[in-house]
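Step one of this worksheet: look at the structure below.
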Amino acid sequence: MAHLTLKDINKIYPNGFHAVHDFNLEIDRGEFIVFVGPSGCGKSTTLRMIAGLENISKGDFLINGKRANEMGPRERGVAMVFQSYALYPQMSVYDNLAFGLTLQGVDEDVIDEKVRRTAKILGLTDYLDRMPRALSGGQRQRVAVGRAIIRKVEIFLMDEPLSNLDAKQRVTMRSEITQIHRETGATTIYVTHDQTEAMTMADRIVVMKDGYVQQIGTPRELYFDPVNVFVAGFIGEPPMNFLRGTVTDGKLAFGKVVYDLSKKLGAKVKDWEGKQVVFGFRPEGIVLGEQENAYVVPCSVELTEMLGDNTNVYVDIDKEKAILKVDPHDTPEIDSDITFSIPYENVYLFDGETEKRI
Ligand code: ATP
């Protein structure tokens, strides 16, 4: 298990494009870190710099306190699983798993023991004789993961390993990867654009946008304490609702609906007079009906989506749109007028200019 340090890491590609800016992170031994963010935000570039597949333009990368910028991938003790997992089609699962060790001239008995142990961890024991073409996508991906973990590695890197799988396989593989991580204990960095994967798998998540780290924290911290509009909108599904407006007489007004910000900001509301503020609340952060210590909001129902465990209700709040998540038994009628309450503690306010949390 390795302890990793990324100090002011930057990537400037030969064409001059600055893909990663001042990336700073300490990763503990055995930690499961997820890099998440929209396409092009620099996740893969950062992962490839850690793997040794891409040089670091500026900054220091340390493994167990030792500078590793110039080390090759093997020397770093990394194994990597990519989105496109190329298995050898003419080889059985057993041989696919054994291949790397065979090349290294490892003793056959040792190889056999390792292949069987890895297959057991991954639930592939019954498939060792099969050819890759006779496996499902999920099983193939498990073989690819197996090939990476069969060597004892300190650092395990995965770049969108589940993106070729269907939704159900993704859910299964998600928990399997978490399980493998528990068993191997390898320091793991996992790249995805999927916030659900990040939330369910990570010890800590690094949210990136346009080459900049936005926030680093546990899933809980990011969900309950987002530092800016981007993180608040990226983590959570459906995303947080945002209303943007200018503070007038301590209030935000959207048509007939008025939010008295002094309830949330107290005397500090004066500092925001005449300024742009973003008012955020999560779809699940509301209660239907009227409640005390809450913003009470009348709205009309435009659409409902019954998902089984909950219903998403799309509402119009005097021309502003929002999504509410309610108990399916409370699903309102389309076109009906309803009222919901947002407890003050469930409201997030952001500076409309900097988008930072107030
Ligand atoms: P995705 O989820 O789409 O893979 P990502 O967050 O992993 O996105 P990167 O692949 O790290 O993003 O790319 C970050 C930025 O760097 C992108 O704008 C990309 O176009 C750019 N980029 C990647 N490789 C190169 C390269 N070799 N030369 C120049 N720019 C590059």
Side-chain angles (χ1 to χ4, degrees), residues 4-25 27 31-61 68-70 72-73 76 78-86 137 141 144-145 148 155-167 169-171 173-174 177 187-217 219 222 226-237 239 355:
L4 309 180
T5 310
L6 289 94
K7 256 195 226 159
D8 295 325
I9 297 281
N10 282 264
K11 178 67 190 181
I12 302 159
Y13 278 110
N15 67 356
F17 184 73
H18 201 151
V20 178
H21 299 256
D22 298 328
F23 192 114
N24 282 292
L25 179 64
I27 305 178
E31 215 180 348
F32 196 119
I33 294 284
V34 176
F35 294 169
V36 73
S39 183
C41 70
K43 318 178 283 288
S44 300
T45 300
T46 309
L47 194 75
R48 292 169 60 79
M49 287 192 281
I50 293 169
L53 298 172
E54 200 69 72
N55 76 310
I56 297 168
S57 311
K58 216 166 74 191
D60 294 307
F61 173 54
N69 287 44
E70 281 77 38
R76 294 181 190 202
V78 300
M80 191 150 170
V81 176
F82 296 94
Q83 178 175 338
S84 53
Y85 39 90
Q141 186 57 301
V145 171
I155 308 164
F156 191 26
L157 307 176
M158 288 183 271
D159 194 350
E160 306 246 7
L162 309 186
S163 52
N164 287 331
L165 305 182
D166 66 35
Q169 286 172 331
R170 276 210 296 274
V171 174
M173 273 305 282
R174 227 157 62 192
I177 288 175
T187 305
T188 302
I189 307 176
Y190 185 103
V191 161
T192 180
H193 60 270
D194 182 306
Q195 64 94 28
T196 314
E197 276 178 26
M199 291 296 275
T200 51
M201 299 170 90
D203 290 322
R204 280 191 302 155
I205 300 173
V206 179
V207 183
M208 297 181 73
K209 183 189 166 215
D210 299 337
Y212 289 92
V213 171
Q214 303 291 303
Q215 188 170 1
I216 300 173
L222 297 192
V227 295
N228 60 25
V229 171
F230 180 79
V231 175
F234 196 80
I235 301 289
E237 178 58 34
E355 306 229 319

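Counting starts at 1 for both ligands and their atoms, in listed order. Quick caveat: nothing in here was measured; it's all calculated off a predicted structure.
Between F35 and L25 the shortest heavy-atom distance is CE2-CD2, 4.1 Å. Nearest approach of A144 to V81, heavy atoms of both residues: O-CG2, 4.0 Å.
Distance from atom 2 (O) of ligand 1 to its nearest protein heavy atom, with residue and atom name: K43 NZ, 3.0 Å. Remark: minimum distance from atom 11 (O) of ligand 1 to any protein heavy atom is reached at T45 OG1, 2.5 Å. The nearest protein atom to atom 22 (N) of ligand 1, hydrogens excluded, is given as Y13 CE1, 3.4 Å; this is a heavy-atom distance. Looking from atom 5 (P) of ligand 1 to the surrounding protein, the closest heavy atom is G40 N, 3.5 Å. For atom 19 (C) of ligand 1, the closest non-hydrogen atom on the protein side is F17 CE2, 4.6 Å. Nearest protein heavy-atom neighbour of atom 3 (O) of ligand 1: S39 OG, 2.6 Å. Remark: minimum distance from atom 7 (O) of ligand 1 to any protein heavy atom is reached at S44 OG, 2.6 Å.
Residue T46 has no nitrogen or oxygen atom sitting less than 3.5 Å from a nitrogen or oxygen atom of ligand 1, judged on distance alone. At least one N or O atom of C41 sits closer than 3.5 Å to an N or O atom of ligand 1.
Looking only at side-chain heavy atoms (C-beta outward), I216 and R204 come within less than 4.5 Å of each other. Side-chain contact between L162 and I177: present, with at least one pair of heavy atoms (C-beta onward) separated by less than 4.5 Å.
Taking the six-membered ring where the residue is Trp, H21 and Y212 present parallel rings, their angle staying beneath 30° rather than reaching 60°.
Judged by distance alone, the side chains of Q215 and N228 never bring a donor and an acceptor atom under 3.5 Å apart.
Of all the listed residues (G16, S163, P14, G42), G42 holds the heavy atom that lies closest to atom 12 (O) of ligand 1.
At distances below 3.5 Å, at least one donor-acceptor pair connects side-chain atoms of N24 with backbone N or O atoms of D8. Of the possible donor and acceptor atoms, one in the side chain of K43 sits under 3.5 Å from a partner among the backbone N and O of G37.
Checking atom 27 (N) of ligand 1 against the protein gives a heavy-atom contact under 4.0 Å.
Residue contact check: N15 has heavy atoms under 4.0 Å from atoms 29 (C) of ligand 1. Distances below 4.0 Å separate heavy atoms of E160 from the following atoms of ligand 1: 2 (O).
Between N55 and the options R48, K11, E70, a side chain to side chain donor-acceptor pair (under 3.5 Å) holds for only K11.
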